[in-house]
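A quick write-up on the structure given underneath.
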There are 2 protein chains.
Amino acid sequence: MGLTRKGEYAIRGMIYLARQEPGKLILVNEIAETVDVPQSFLAKIFQGLTRLGLVRSSRGAGGGFTLARPAAEISLREVIEAVEGPICANRCVLDDGFCNRSAHCTVHPVWHRVQDQVGAILDGVSLAELSK
Amino acid sequence: MGLTRKGEYAIRGMIYLARQEPGKLILVNEIAETVDVPQSFLAKIFQGLTRLGLVRSSRGAGGGFTLARPAAEISLREVIEAVEGPICANRCVLDDGFCNRSAHCTVHPVWHRVQDQVGAILDGVSLAELSK
DNA sequence: GTATATGAGACAAAAATGATCTTTTGGGTT
DNA sequence: AACCCAAAAGATCATTTTTGTCTCATATAC
């Protein structure tokens, strides 16, 4: 019913990046240490964030990670969905196969309302705000 | 990030009960079959619901389950929290030990807003409405 | 007493979570 | 070119949670 550690860690790491000089490359090692998460795990998480275009990475000596866009233009929702998958109150809203009763299910509209509300809140918060 | 099957099943079962004549005892077997969930599992789930006072049970021949209160007075939230635990966006909001940074954490207020919104929506929906 | 139904608890397979380690790839530096 | 540093990719593994099942105890109607 809540965020997993992956999500929590990703958020911590991204906020740390948002606090740095824009464009400056930061070692995953440094991030992991200061936000207090296992570095190997954070490296894995940041791999995913790179693939999805939330951060840019540079290999080799002097490499590291940096935000792909200005912190003000990255929402909390983006970060969360990148690592946790889409906001979803109940699988039946996503998977059509999960419950074949979608058509006449009275709870369905409730799930949609929940998702819309949560989505809106998370959309409205940027990394820039969180880094203050 | 969403409901587990336990939650989904509990809701289906409770809605089925809400559709019956108030006070009438229904076999867990009948519920399980018509809402299409494994009976052993549903029995276990209903045990918990009984313990928490959402349904009343009667043992022995002619026994079964029935809602403990009128369907209009049982909210969707109660059902969900009974089986899934409290609505919680991120563990740090619940466990104090999870992140020791609660005091200065900028994301904390966001989690609270999310929980309040979701809680409010789920509070506002009763089994009576869902059973229509 | 017997048939029937839930209560409680142990048990187990499968999936998700949380993490580590190794190997590969690509850039800088010399 | 040779070499080192650092990230990417992927394999592996441990732990926890989910999703059930099964057995036995207990309560009740007849």
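Chain identifiers are assigned alphabetically (A, B, ...) following the order of the sequence lines, protein sequences preceding nucleic acid strands; residue numbering begins at 1 within each chain.
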- Message: Distance check needed: dG20(D) C1' versus Glu8(B) CD, whole Å only.
- Response: 16 Å

- Roughly, in whole Å, what's the span from CD in Gln47(B) to P in dA5(C)? 16 Å

- Item | Gap between atom CZ of Arg51(A) and atom OG of Ser57(A) - 0.5 Å precision | 11.0 Å

- Note on the structure: Ranking Arg59(A) and Gly7(A) by the position along DNA chain C of their nearest nucleotide, the one closer to 5' is Gly7(A)

- Item | Under-4.0 Å side-chain N/O to phosphate OP1/OP2 contact, Tyr9(B) with dT19(D) | no

- Message: Return whichever of Met1(A) or Phe65(A) has its heavy-atom-nearest nucleotide of DNA chain D closer to the 5' end.
- Response: Phe65(A)

- Task: Applying side chain to side chain contact (heavy atoms under 4.5 Å, CB included), run through Leu3(B) and Ile11(B) and close with a yes or a no.
- Result: CA-CA 11 Å; Leu3(B) 224 55; Ile11(B) 294 169; 3.8 Å; yes

- Nearest-angstrom distance from the residue atom CG of Leu25(A) to P of dA7(D): 9 Å

- Task: Check whether any side-chain nitrogen or oxygen of Ser57(A) sits under 4.0 Å from OP1 or OP2 of dA6(D), and answer yes or no.
- Result: no

- Message: Rounded to whole Å, how long is the line connecting atom CD1 of Ile45(A) with atom C1' of dA19(C)?
- Response: 10 Å

- Message: dT28(D), OP1 or OP2 - any side-chain N/O from Ser58(B) closer than 4.0 Å?
- Response: no

- Note on the structure: Residue pair Gly63(A)/Lys44(A) against DNA chain D: nearer the 5' end by closest nucleotide is Gly63(A)

- Polar pair under 3.5 Å, donor/acceptor by atom type, side chain Arg5(B), base dT19(D): no

- Message: I'd like to know if Glu84(B) and Arg77(B) make a salt bridge, using a cut-off of under 4.0 Å between side-chain N and carboxylate O.
- Response: no

